[in-house]
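For this chain, numbers begin at 1 and follow the sequence in order. It should be emphasised that the depicted structure is a prediction, and the values quoted were computed from it without experimental measurement. For ligands, and for the atoms within them, numbers begin at 1 and follow the listed sequence.
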Amino acid sequence: MPAVVVVGAQWGDEGKGRVVDFLAEQADAVVRYQGGNNAGHTLIVDGKTFKLHLIPSGILYPDTLCVIGHGVALDPGVLVDELDRLAAGGVDTSGLRISAAAHLIMPYHIRLDELEEDQKGPNKIGTTRKGIGPCYMDKFARTGLRVVDLLDADHFKSRLTQLLEQKNALIERVYGGQPFTVDEIAEPYLRYAERLRPYVANTVELLNEAIDAGQNVLFEGAQGNLLDIDFGTYPYVTSSHPVAGGACVGAGIGPTKVSRVVGVVKAYTSRVGEGPFPTELHDETGDWIREQGHEFGTTTGRPRRIGWLDLVMVRYAVQISGLTDLAITRIDTLAGLDKLQVCVGYKVNGEVTRAFPVGLAALGQVEPVYKEFAGWQGDLSGVTRFEELPEAAQTYIAFISEYLGVPVSFIGVGPQREQCIVVRNPFAGE
Ligand code: IMP
């Protein structure tokens with residue numbers, strides 16, 4: 001039962017896309033189980049760049065089943081656009097399957113996301129403004145519209161008419177925003193319905209059958225563990241479950257079916273949006289890493305906040321997601337620094353702890369305890385074996401693994417698909 005879950009072990013943007021892409025080559029099925037088009041994966045294959053926001057990375061392999069599970073917040077316009085762009089790039093998208101139970105991001109969700117953020121002013125979350133939070137709010141309030149609702153035009157229009165009364169009242173009376181008419185939403189949405197209808201399937205059945213038949217199934221987490229609605233740095237989080245358990249609830253498989261959980265760890269830390277960030281760098285080193293690493297959002301274009309690697313935080317991800325493997329990315333980006341710092345503990349009231357605190361105030365007060373490492377130099381992009389890495393980089397990676405008590409399976413040394421050292425292959429049972 002090789003079901004492998006890949007999650008981001010930090011605040012997202014760890015470079016999951018390429019690890020997923022490598023594993024997708026061996027996968028019979030690749031699944032998105034949470035989040036929506038707030039995620040953005042850039043894949044570079046044969047010199048061609050593909051930006052995927054919703055469709056699983058496995059779409060670039062012709063015979064791979066690609067599933068959008070019911071835990072995903074699905075913007076149908078974005079999905080249709082992504083399908084069109086892939087088709088224009090010569091990619092066959094016939095392997096896509098969409099859960100009928102996935103919740104739809106509606107235009108009023110996007111407007112409310114914007115209005116709510118603007119109203120919060122300096123206390124804003126810094127969301128991607130894609131309607132993610134309001135969509136999940138409706139899901140949990142049991143007032144959401146799902147893919148299945150879209151497939152029946154009369155039913156969809158009647159539900160939309162009811163819902164719009166309440167949404168327009170909120171938009172107009174509370175926020176002073178622009179209301180919607182039923183037709184301006186229904187008309188494009190019912191067009192999307194016809195484009196998406198052929199892809200809608202019973203994804204729970206498909207995935208459980210695949211796993212039971214011994215096929216390789218890959219679950220592609222979006223965002224990162226520290227953005228989880230329950231375990232992340234609340235309220236500066238997303239509204240879904242990027243932890244590994246999210247794969248079970250967002251795709252419809254039992255926890256006993258998961259065989260391995262790969263945590264993707266960037267060799268430093270980045271974050272978009274607001275919220276405390278203990279190891280954040282406000283100096284030239286931070287600017288240098290941002291430039292070297294092209295750390296600007298795939299989805300929003302925003303410059304990302306940069307800091308040293310925080311192992312207290314990653315250790316917490318090991319706990320909440322049960323990581324069995326590490327994928328360490330961006331070792332090449334750090335080449336050129338003389339010295340590096342790694343946070344190995346938090347000082348709280350004079351005592352050093354490795355426990356990640358609950359609550360923003362507590363996290364805002366910790367003082368990172370650093371261990372210094374020698375840097376490494378040179379172009380690492382052609383390195384294919386761990387032993388070929390500069391000694392200082394080997395020491396850095398070995399320390400991360402030892403501190404976390406989790407073996408390293410992948411090391412990213414460049415943006416291309418092949419620029420990844422594979423130490424152990426989870427699908428090969430290594
Ligand atoms: P939302 O998911 O758009 O509601 O945004 C909530 C928080 O999650 C904000 O701080 C976003 O910047 C952050 N976020 C959402 N998606 C991603 C991602 O894919 N990478 C990194 N941060 C993200």
Side-chain angles (χ1 to χ4, degrees), residues 6-20 32-43 51-57 71-75 78 82 103 105-106 108-120 122-140 220-243 246 250 263-266 268-277 280 290 293-307 310 313 317 329-330 360 363:
V6 175
V7 296
Q10 294 151 312
W11 274 304
D13 310 314
E14 297 90 351
K16 292 177 292 294
R18 50 189 321 258
V19 176
V20 167
R32 273 287 304 272
Y33 56 85
Q34 45 74 227
N37 57 308
N38 49 348
H41 291 172
T42 306
L43 299 172
K51 288 194 175 177
L52 299 179
H53 296 284
L54 263 178
I55 298 181
S57 310
V72 169
L74 191 154
D75 185 326
V78 170
E82 208 156 280
H103 277 255
I105 295 183
M106 303 296 293
Y108 48 78
H109 291 140
I110 299 170
R111 190 158 299 168
L112 283 167
D113 200 354
E114 287 164 353
L115 292 166
E116 282 167 12
E117 279 286 276
D118 289 344
Q119 199 215 29
K120 284 184 184 136
N123 298 323
K124 70 180 193 300
I125 308 282
T127 73
T128 57
R129 297 180 175 233
K130 305 286 180 193
I132 305 294
C135 173
Y136 283 117
M137 274 168 72
D138 275 357
K139 169 174 172 165
F140 285 95
E220 174 182 1
Q223 290 85 44
N225 276 225
L226 273 292
L227 288 172
D228 186 275
I229 185 78
D230 276 317
F231 298 101
T233 45
Y234 193 90
Y236 299 105
V237 292
T238 192
S239 300
S240 68
H241 285 298
V243 294
V264 184
V265 181
K266 186 149 64 177
Y268 49 93
T269 311
S270 70
R271 140 159 247 189
V272 270
E274 312 303 315
F277 184 167
E280 184 164 13
R290 183 179 304 106
H294 311 291
E295 291 285 1
F296 299 88
T298 316
T299 299
T300 58
R302 287 184 283 182
R304 296 177 183 142
R305 298 159 66 192
I306 302 292
D310 182 345
M313 190 170 107
T329 61
R330 300 295 201 136
L360 282 193
L363 186 62

*Which of the atoms of ligand 1 are close to Trp11, meaning less than 4.0 Å from one of its heavy atoms?*
21 (C), 22 (N)

*Is it the case that Thr329 and Glu14 place a side-chain donor and acceptor less than 3.5 Å from each other?*
no

*Would you call Glu295 and Arg304 a salt bridge, taking side-chain N to carboxylate O under 4.0 Å as the test?*
yes

*asked:* I'd like to know whether Ser270 forms a side chain to side chain contact (heavy atoms under 4.5 Å, CB included) with Trp11, so could you lay out the CA-CA distance, the side-chain angles of the two residues, the decisive distance to 0.1 Å, and finally the verdict.
replied: CA-CA 7 Å; Ser270 70; Trp11 274 304; over 6 Å; no

*Decide whether an N or O pair under 3.5 Å exists between Gln223 and ligand 1.*
yes

*Does ligand 1 have any atom that is closer than 4.0 Å to a heavy atom of Gly126?*
yes

*asked:* List the residues meeting ring pair (Phe, Tyr, Trp, His ring centres under 6.0 Å) with Tyr236, not counting sequence neighbours, and say none if there are none.
replied: none

*Counting heavy atoms only, which of Leu227, Thr238, Ile125 comes nearest to atom 14 (N) of ligand 1?*
Leu227

*Do the non-hydrogen side-chain atoms of Arg330 and Tyr268 ever get within less than 4.5 Å of each other?*
yes

*asked:* Which of the numbered atoms in ligand 1 are under 4.0 angstrom from any heavy atom belonging to Thr128?
replied: 1 (P), 3 (O), 5 (O), 15 (C)

*When only distance counts, is Val237 in polar contact with ligand 1, meaning an N/O pair under 3.5 Å?*
no

*asked:* So that I can tick it off, tell me whether Glu274 and Arg305 are bridged by a salt bridge, with the cut-off set at under 4.0 angstrom between side-chain N and carboxylate O.
replied: no

*asked:* Checking side chain to side chain contact (heavy atoms under 4.5 Å, CB included) between Thr238 and each of Ile229, Asn38, Ile125, which is the one that passes?
replied: Asn38

_With heavy-atom distances below 4.5 Å as the criterion, would you say the side chains of Ile105 and Ile132 are in contact?_
yes

_I need the contact type for Tyr236 against ligand 1. Using non-hydrogen atoms and a strict under-4.0 Å cut-off, is it side chain, backbone, both or neither?_
neither

_So, regarding Arg302 and ligand 1 (criterion: nitrogen or oxygen to nitrogen or oxygen, under 3.5 Å), is there a contact or not?_
yes

*asked:* With respect to Thr127, determine whether any N or O atom, backbone or side chain, lies less than 3.5 Å from an N or O atom of ligand 1.
replied: no

*So, is Asp13 polar-close to ligand 1, with some N/O to N/O distance under 3.5 Å?*
yes

*So is Ala39 close enough to ligand 1, meaning a heavy atom under 4.0 angstrom away?*
yes

